[in-house]
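Reading through the structure tokens given below for one structure.
Just follow the structure's listing: the first ligand is 1, and inside any ligand the first atom is 1. This one's a predicted model, so the numbers in the text were calculated from it and none came from an experiment.
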Amino acid sequence: MLKGRSLIEPADFSLEETDGLFALAEKIESDEQYLRESCRGKLLATLFFEPSTRTRLSFEAAMLRLGGSCLGFADPGSSSAVKGESLADTVRMAASYADAIVMRNPKEGAALLASNYSAVPVINAGDGGHHHPTQTLTDLLTIRRLRGDIKNITVGFCGDLKFGRTVHSLAKALARYEKITIIFISPEELIIPEYITRHLQKHNIEFTETRSLEEAIPQLDVLYMTRVQKERFFNEEDYIRLKDTYVLNKEKMALSKNDLIILHPLPRVNEIAVEVDGDPRAAYFKQAKYGMYVRMALLASILGVL
Ligand code: CP
């Protein structure tokens, strides 16, 4: 039962609970009328202290499609945070107006802190470079929809693996599935953090690290491209030097398997050439749409309307 539960990192829900969400999301996708109006009278607060297109809009679309309503802010500059109000007080207020809170914040640990002060469930929509659990649900659902299951695959993560919270969340979550091999592809300065590799070792997940996308790509069943995260760099020169390290283009696609799945949490900048969008293996826009269905399943579950 997910009713009343917060989601701060993917492991907060068991594998069985996560599978249940995927099954529900698939049902919602196949029957647009299913659960329509189930959240009538419920309110979702969306507190975005950092920019977002997909996460905020897909949560709002999800709540509206379920018949509920949304309130909140997309820019902390329009909230009393600019007057110095603490996160704890902001969350207390939102919890007194709404039935659930979705929050994105630049500080690692902010979502966990929020859940300690909230009387209603808190969903982490990204806390700094730490976690993004609903993106992980989106990513896993996309793999399941396109392959039929989530096992026996080699997954490559490419780009900014140091700051990429979607990478951290998905890599940890994959450790719960069978026969997963991971290849981390990044420049030396943006390697995957040790707390993730320690987690993989603890769960006996085979992984390697490389600097070369060309070398790795022929082995992959799933390629998870990521943007170099400008907003997390202290030094613009370093960002400019690293931002175009990897560009997935037609030449590199020619080296890959015919059934490769290309994912990207989006937004993309230059790391996937637009010429790749028309390739049947490019699944990133489909992935963003699955995000809305899985968020509908999540909201219906935690609000207890099933
Ligand atoms: N994937 C993702 O988090 O996108 P947004 O930053 O647009 O929400």
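- No option in Lys289, Lys286, Arg145 other than Arg145 meets the salt bridge (charged side-chain N to carboxylate O under 4.0 Å, His left out) test with Glu29.
- No side-chain donor-acceptor contact under 3.5 Å links Arg281 to the backbone of Ile262.
- Atom CG of Leu161 is separated from atom OG1 of Thr197 by 11.5 Å, given to the nearest 0.5 angstrom.
- Between Glu188 and Arg211 there is a salt bridge, with a side-chain nitrogen of the basic residue lying less than 4.0 Å from a carboxylate oxygen of the acidic one.
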Contact table ligand 1 N or O to protein N or O, d under 3.5 Å:
| from | atom 1 | to | atom 2 | distance (Å) |
| --- | --- | --- | --- | --- |
| ligand 1 | 1 (N) | Gln135 | OE1 | 3.0 |
| ligand 1 | 1 (N) | Pro265 | O | 2.8 |
| ligand 1 | 1 (N) | Leu266 | O | 3.1 |
| ligand 1 | 3 (O) | Thr55 | OG1 | 3.0 |
| ligand 1 | 3 (O) | Arg104 | NH2 | 2.9 |
| ligand 1 | 3 (O) | His132 | NE2 | 2.9 |
| ligand 1 | 4 (O) | Arg54 | NE | 3.1 |
| ligand 1 | 4 (O) | Leu266 | O | 3.3 |
| ligand 1 | 6 (O) | Arg104 | NH1 | 2.9 |
| ligand 1 | 7 (O) | Thr53 | N | 2.8 |
| ligand 1 | 7 (O) | Arg54 | N | 2.9 |
| ligand 1 | 7 (O) | Arg54 | NE | 3.3 |
| ligand 1 | 7 (O) | Arg54 | NH2 | 2.9 |
| ligand 1 | 8 (O) | Ser52 | OG | 2.6 |
| ligand 1 | 8 (O) | Thr55 | N | 2.9 |
| ligand 1 | 8 (O) | Thr55 | OG1 | 2.7 |
| ligand 1 | 8 (O) | Arg104 | NH1 | 3.4 |
| ligand 1 | 8 (O) | Arg104 | NH2 | 3.3 |

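- A cation-pi arrangement is found for Arg295 relative to Phe59, the charged atom lying closer than 6.0 Å to the ring centre and inside a 45° cone about the ring normal.
- Atom OG1 of residue Thr226 and atom CD of residue Glu271 lie 7.0 Å apart, to the nearest 0.5 angstrom.
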